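Below is one structure, written out as structure tokens; the observations come after it.
Computed from a prediction, not measured in an experiment: that's the story for all the values here. The chains referred to below are lettered A, B, ... by the order of the sequence lines, with proteins before strands, and numbering in each begins at 1.
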Amino acid sequence: MLIGPSAALADWISPESGGSPNADKVDTLYTIVLCMGIVIFVLVEGLLLYSIFKFRARRRGPQPAQVHGNTRLEVGWTVAAAVIVLVIAGITFAFLGGIKNPPSSSPTGLQGASGVQLATVGALKTPSGKALHIDVNGQQYIWRYDYVDQPRLTENRPVYAYYRMVVPTDTTVILKLNASDVIHSWWIPRLGGKADATPGHDNYTWFKIPGKYAGQIFKGQCAELCGEGHADMRAEVQALPPDQFKAWFERQRNDLLASQKALAAQRKAGVGQ
Amino acid sequence: MTTTEYVAERPIAAVPRPEVVLHGLRERPRGWLEWLTTTDHKKIGILYLYSTFIFFLIGGVEALMMRLQLAVPTNTLLTPKAYNAVMTMHGTTMVFLFVVPVLAGFGNYFVPLMIGARDMAFPRLNALSFWLLFFGGIVFYVSVFFHPPTAGWTMYTPLTEEAFSPGGGVDAWIFLIHLTGLSSLVGAVNFVATIHNMRAKGMGWARMPLFVWSILIYSYLLILALPAVAAGVTMLLTDRHLDTGFFNPANGGDPLLWQHLFWFFGHPEVYIMVLPAFGMISEVIPVFSRKPIFGYKAIAASTAAIAFLGMLVWAHHMFTTPTATVVLAFFMLSSFTIGVPTGIKIFNWLATMWRGSLVFKTPLYFACGFLAQFVIGGISGIMLAVFPVDWQLHDTYFVVAHFHYTLFGGAIFGLFAGLYYWFPKMSGRLMNETLGKISFWLMFIGFNTTFLVQHAAGTSGMPRRIYTYYSTSGWEGYNLVSTIGAFILATGVLLTVINLIRSIKHGQKAGNDPWKANTLEWFTTSPPPENNFDVVPRIRSAEPMKDIRRDVAAGGRAAGSVAQPVAPGT
């Protein structure tokens with residue numbers, strides 16, 4: 001079968017991929033199930049079309065044989081249907097690990113990406129325990145990203161960004177999702193499936209962008225109706241080589257610190273008046 | 001007018017005339033008052049059919065408004081708020097005010113006729129069930145003039161909490177669910193009582209028409225599923241107005257609880273909508289193939305199996321929520337199992353047509369369209385049940401395409417087959433065949449043009465329920481094609497509406513049994529008299545009309561030939 005993660009030709013009929021191994025594996029799994037579906041589709045539509053053309057009533061044609069059923073045949077297609085879904089279940093479980101569990105960051109990825117211990121049930125962990133952790137918070141109608149395991153602004157205030165998430169390539173990025181108002185759903189199609197951001201719950205997903213996509217921007221938008229601005233709740237992920245990421249992060253941190261300082265000064269001035 | 005009068009005129013020899021003295025017999029109201037006060041299952045059935053078809057047309061106009069808005073990128077025809085309102089009204093209308101009650105309408109009209117009963121078990125309850133539906137629809141649609149709901153037909157919390165959805169729209173929706181839910185519950189109890197107790201002599205479970213089987217299972221499913229959503233919307237109502245906090249995490253509640261309650265009802269609801277359409281297909285295909293249904297017992301049993309399994313799959317709507325993988329795996333496997341009884345049905349229908357003698361009247365066109373399209377919805381359903389794949393496809397246009405293939409391509413094509421099949425019985429006249437076939441082709445082409453490309457839009461990353469998209473998204477082509485298809489589809493539906501209105505007055509006279517059908521409703525006149533049957537023959541198989549025709553052809557006295565209305569003077 002001509003199925004590969006890079007089968008861009010078939011991409012109009014299969015999910016987006018090519019940004020992260022989990023998206024590629026979902027694409028492959030989808031394509032396998034689709035191929036099995038096409039076989040069944042051709043079989044059923046073929047039988048239907050054949051019957052429509054072959055068994056039209058003819059004038060003075062003989063009365064058709066009054067067949068009431070055929071136990072052997074019926075047991076046959078029941079078993080066949082059961083076998084097909086069992087096979088699909090088997091294939092799914094074979095693929096599940098690669099889609100669900102994040103791999104470790106590559107040696108070329110961000111160094112010093114820490115291994116913050118995650119206590120929550122359902123949290124994701126790479127085999128080496130190392131990954132870049134970002135908390136994603138959905139709110140009407142924007143996404144906010146907290147870089148929780150990187151140097152902070154203050155002790156309990158991580159560096160943050162809105163709308164565009166900047167990440168290093170070759171590094172496993174683990175997202176912890178929640179929402180502060182209504183339910184939103186995080187989805188960058190080329191980086192894998194969605195995960196709902198639900199108030200009161202933490203949800204997890206991950207991606208790992210290969211080095212060849214450095215500089216690329218992956219686009220997506222909120223996938224759960226969240227109000228009037230739902231269609232405008234867009235998001236971007238920009239992949240940078242680890243050293244450029246570090247530079248960006250420092251700049252972002254300094255900008256935030258500077259603006260904090262300016263704000264504090266302004267407040268003081270406001271109080272003084 | 002009715003056959004009872006003729007019976008009374010017949011000389012009754014030596015037997016003394018029994019005297020019955022009636023007290024307090026009220027004169028029957030005439031004209032529109034008769035329609036308001038009727039408890040006749042056929043009149044109630046007609047009321048159901050007219051009301052639900054009007055809601056179908058309203059829901060269709062809402063669909064066209066959405067398609068117009070999405071025809072081109074960054075369109076400003078509808079405001080985001082108006083789009084969300086139209087989208088919410090469309091979904092709610094089609095599910096609660098069209099597909100579910102239209103099936104109750106067909107069931108009301110035909111279940112008593114098919115089992116040889118005089119009426120439903122509880123005629124007044126039957127009238128109540130219609131009027132609850134009717135006022136449910138009105139309560140909901142009145143909100144258009146105030147604050148129509150905008151949170152989608154699934155009404156996910158916390159978006160539907162007072163803080164995020166002020167105004168009465170969500171409350172109007174809650175009252176719609178309560179009223180139509182009560183309507184369905186009362187109706188379901190009535191169907192169960194009727195089908196269990198009022199079948200003709202000899203009609204054992206294995207001789208009951210498959211449509212009646214499907215209405216029985218539909219009723220049980222309604223009884224099992226509706227309490228969950230009734231509880232859910234009541235909790236939502238108290239959350240909104242009494243601050244109970246069932247779904248509010250700040251008060252110790254959980255928004256996921258709503259999703260569980262809603263889909264515990266919502267997924268059986270899918271089968272509630274499609275099983276009776278399966279039943280109609282199981283009546284239409286054998287009649288127009290001139291062959292008995294292939295595997296009667298397998299079809300009846302698979303209907304029950306689908307209903308049972310359908311109660312165990314609700315969380316496959318929740319694969320992207322924060323839920324343990326083992327739970328997702330369970331709901332994937334349970335969803336897969338439904339593929340088996342559904343596959344059984346499809347192959348049984350195909351085997352019924354196999355080596356038949358296919359008479360291509362409009363009902364069979366729609367039945368074939370149903371088969372061709374439903375199988376696509378079934379396959380995409382299995383694909384969506386694979387939960388890692390669903391992580392990509394969930395809440396995209398792929399899902400929109402999937403459920404329209406099952407609900408429009410499946411259920412609605414099925415009930416159009418039923419409409420063309422049973423219209424002669426209800427009106428006494430045939431619908432126009434040419435117009436019917438043109439309508440079919442427009443609907444078939446329009447439907448597939450609208451929804452096939454939506455699979456591709458979904459896999460290219462287009463989420464559902466968005467009021468607009470950029471011209472750089474790559475979705476422009478799909479959406480334009482889809483909008484064109486929607487208008488072709490609407491033209492097809494409109495032709496059937498014209499056909500229906502024309503045929504009521506000007507259609508060709510149908511006679512009792514225009515299709516050489518198999519079931520008991522074709523034994524009486526078209527339209528049937530108020531008492532349905534004077535005499536009900538003893539049922540000897542699942543195809544009583546075939547037995548009667550054979551008896552008549554053999555020259556013998558047919559088992560129930562006396563029941564044929566006798567013209568005066570004979």
Part of [X] lying under 4.5 Å from any heavy atom of chain A:
X	answer
B:Y156	side chain
B:L358	both
B:M87	side chain
B:N348	both
B:V375	side chain
B:F347	both
B:T396	side chain
B:F319	neither
B:F360	side chain
B:S302	neither
B:I346	side chain
B:P249	side chain

Given heavy-atom pairs under 4.5 angstrom as the criterion, report whether the side chain, backbone, both or neither of [X] touches chain B.
X	value
A:T78	both
A:A80	neither
A:E74	side chain
A:Y50	side chain
A:I52	both

With a 4.5 Å limit on heavy-atom distance, are the side chains of [X] and [Y] in contact?
X	Y	value
B:P388	A:L96	yes
A:L34	B:M383	yes
B:Q392	A:W187	yes
B:T472	A:K219	no
A:F95	B:V389	no

A:Y163 atom OH: more than 12 heavy-atom contacts under 6.0 Å: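 Check passes, neighbour count above 12.
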Residues, nucleotides or ligands: over 12 heavy atoms within 6.0 Å of B:K546 NZ: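 Counting other residues, nucleotides and ligands, NZ of B:K546 exceeds 12 neighbours.
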Top contributor to chain A contacts, counting heavy-atom pairs under 4.5 Å, from [options]:
options	answer
B:G356, B:A456, B:A151, B:P255	B:G356
B:F288, B:Y469, B:F294	B:F294
B:I293, B:T320, B:L371	B:T320
B:G461, B:G343, B:S473, B:P80	B:G461
B:T352, B:T337, B:L256, B:L364	B:L256
B:N84, B:T160, B:T79, B:T468	B:N84

Contact leader toward chain B among [options], where contacts are heavy-atom pairs under 4.5 Å:
options	answer
A:I91, A:D232, A:L73	A:D232
A:A197, A:G193, A:A23	A:G193
A:L225, A:V33, A:I183, A:V26	A:L225
A:C226, A:G229, A:S185	A:C226
A:H68, A:R190, A:M36	A:H68
A:I99, A:L86, A:N22, A:D181	A:D181

Short side-chain donor-acceptor distance under 3.5 Å, A:D196 and B:T321: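 No donor-acceptor contact under 3.5 Å links the two side chains.
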Heavy-atom closest pair, residues [X] and [Y]:
X	Y	result
B:A351	A:W77	CB-CH2, 4.0 Å
B:A372	A:E45	O-OE2, 2.6 Å
A:P64	B:S289	CG-O, 3.9 Å

Reported [atom1]-to-[atom2] distance for the pair [X] and [Y], which is rounded to 0.5 angstrom:
X	Y	atom1	atom2	value
A:Q63	B:K291	CD	NZ	11.0 Å
B:R290	A:Q66	CZ	CD	10.5 Å
A:E228	B:T150	CD	OG1	7.0 Å
B:L159	A:H230	CG	NE2	10.0 Å
B:D390	A:Y30	CG	OH	12.5 Å
B:Y470	A:R234	OH	CZ	3.5 Å

Flag, side chain of A:K194 to backbone of B:H394, donor-acceptor distance under 3.5 Å: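 Yes, the answer is positive, given that a donor and an acceptor are paired below the 3.5 Å cut-off.
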